[in-house]
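Quick note: residue numbers are just sequence positions, from 1. Only this structure's heavy atoms are used, side chains among them; waters, hydrogens and symmetry mates stay out. Quantities reported herein were computed from a predicted structural model and do not represent experimental measurements.
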Amino acid sequence: MNKSIIGAVVGATVLAGGCGAVTSEAERLTVRSSPTLGTPTAVPTDSPADSPTGTPTGEGTGSPAPTDAQASLEGLKQAGQAAIAAVPGSKVISMESEENGRRWEVQVAGEDGTEHQLDVEGGKVVNGPTTEEDDADDKAKHRERLTAAKLDYAQAADKIVAAVPEGRITELNLDDERDKTVWESDVITPNGTKQEVAIDAATGEVTRKSGSTS
């Protein structure tokens, strides 16, 4: 009888101990997975605050976005190159922008002074070349001016834009002024004002700007 009582007591103790162990393990698992205590999650190396969602145009690429003046100057040079390529051996003597700068009317003169006219758009000739009916005096004048000009149209354009920062050239002509061969131009500034600029075609010196002369 005593043995039965002792066995029952021992069995109850063991059972109680086992239930305690099971309960403890369940509680431990519950604590580990409880959302109220937080569950470890992967943290991204770069947070949105540290990494921009996009890069503004012209930033982070190593070079700034081109301005309207730069784009216009590049378009002028491309138009001149296309015209020269269409009339081998020629040189630019006049340029004028049309259709808000989308197209350029270009005049070039050949080695004998003969003038040719072309329309250039997007760096490609879209009309011409058309040969002008110049007389002997006109041809001689073209030859003289081109011989005196040490700066070609592209170099002249660079000098003019340097004289009027952010200016957009709308017209460029090789001409004579005060016994000098000059590149004269019309330039539109960012505020819409037109300035007239002339540079010595031999030295690149500014000889006139908005009506003033030097």
**T189 vs E166, side-chain contact (heavy atoms from CB on, under 4.5 Å): CA-CA, chis, key distance, verdict** = CA-CA 7 Å; T189 62; E166 301 303 320; over 6 Å; no
**Request:** Kindly determine whether Q107 and Q117 satisfy side chain to side chain donor-acceptor pair (under 3.5 Å), including the steps that lead there.
**Result:** CA-CA 5 Å; Q107 281 82 37; Q117 180 173 312; 3.2 Å; yes
**Request:** Mind running side-chain contact (heavy atoms from CB on, under 4.5 Å) on L172 and D186 for me, showing each step along the way?
**Result:** CA-CA 7 Å; L172 180 66; D186 289 343; over 6 Å; no
**Item:** Derivation and outcome, side-chain contact (heavy atoms from CB on, under 4.5 Å), residues V125 and D119
**Value:** CA-CA 6 Å; V125 176; D119 290 332; over 6 Å; no
**Message:** Could you walk me through whether V187 and R168 satisfy the side-chain contact (heavy atoms from CB on, under 4.5 Å) test, starting with their C-alpha distance in whole Å, then the side-chain angles of each, then the deciding distance to 0.1 Å, before giving a yes or no?
**Reply:** CA-CA 5 Å; V187 184; R168 181 169 57 88; 5.6 Å; no
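Note that the OG1 atom of T131 and the NE2 atom of H116 stand 4.5 Å from one another [nearest 0.5 Å]. Distance check: L174 CG to E144 CD gives 11.5 Å after rounding to the nearest 0.5 Å. Here the straight-line distance linking atom CD of E184 with atom CG of N173 works out to 5.5 Å at 0.5 Å rounding. The CD1 atom of I199 sits 5.5 Å away from atom CG of L151, with the distance rounded to the nearest 0.5 Å. Here the CD-CD distance, from E105 to E96, works out to 6.0 Å after rounding to the nearest 0.5 Å. Atom NZ of K159 is separated from atom CH2 of W183 by 14.5 Å, given to the nearest 0.5 angstrom.
Annotation for M95 and V106: closest pair CE-CG2, 4.0 Å, computed over non-hydrogen atoms. Here the closest non-hydrogen pair linking V182 and T207 is CG1-OG1, 4.2 Å. Of all the heavy atoms in K209 and A163, the pair that sits closest is NZ-O, 2.8 Å. The nearest pair of heavy atoms linking G123 to A82 is O-CB, 3.4 Å. A202 and K150 get closest at one heavy-atom pair: O-CB, 3.6 Å. Listed here is the closest heavy atom pair of L76 and A157: CD2-CB, 4.0 Å.
Contact check for E115 versus D138: no side-chain heavy atoms found under the 4.5 Å cut-off. The side-chain heavy atoms of K139 and T114, taken from C-beta on, include a pair separated by under 4.5 Å. Taking 4.5 Å as the limit, every side-chain heavy atom of V120 sits out of range of all side-chain heavy atoms of R103.
Between the side chain of Y153 and the backbone N or O of Q81, at least one donor-acceptor pair lies under 3.5 Å. Judged purely by atom type and a 3.5 angstrom limit, W104 has no side-chain atom pairing as donor or acceptor with the backbone of T170. Listed for the R143 side chain is a donor-acceptor partner under 3.5 Å among the backbone atoms of D112. Looking at T203, its side chain does come within 3.5 Å of a backbone N or O of E205 through a donor-acceptor pair. In this structure, the side chain of S185 does not engage the main chain of I169 through any donor-acceptor pair within 3.5 Å.
Contacts of K77 classified as salt bridge (Lys or Arg N to Asp or Glu O under 4.0 Å), with partners at least two apart in sequence or in another chain: D158.
Note on K141 versus D134: no salt bridge recorded, every NZ/NE/NH1/NH2 to OD/OE distance being 4.0 Å or above. Residues D152 and K91 are not paired through a salt bridge, judged by the lack of any N-O separation under 4.0 Å between the basic side chain and the carboxylate. Look at K180 and E177 and you find no salt bridge, because none of the NZ, NE, NH1 or NH2 atoms lies under 4.0 Å from a carboxylate O. With salt bridges taken as basic N to acidic carboxylate O contacts below 4.0 Å, one links R208 and E196.
In the hydrophobic clustering of this structure, V206 does not group with I188; members are Ile, Leu, Val, Met, Phe, Trp, Tyr whose side-chain heavy atoms approach within less than 4.5 Å, directly or through other members.
Heavy-atom contacts from other residues, nucleotides or ligands closer than 6.0 Å to CD of E111 number 12 or fewer. The neighbour count for N191 CG, taken as heavy atoms of other residues, nucleotides or ligands under 6.0 Å away, is above 12.
For the side chain to side chain contact (heavy atoms under 4.5 Å, CB included) with L118, the qualifying choice from N127, V126, V108 is V108, the only one to do so.
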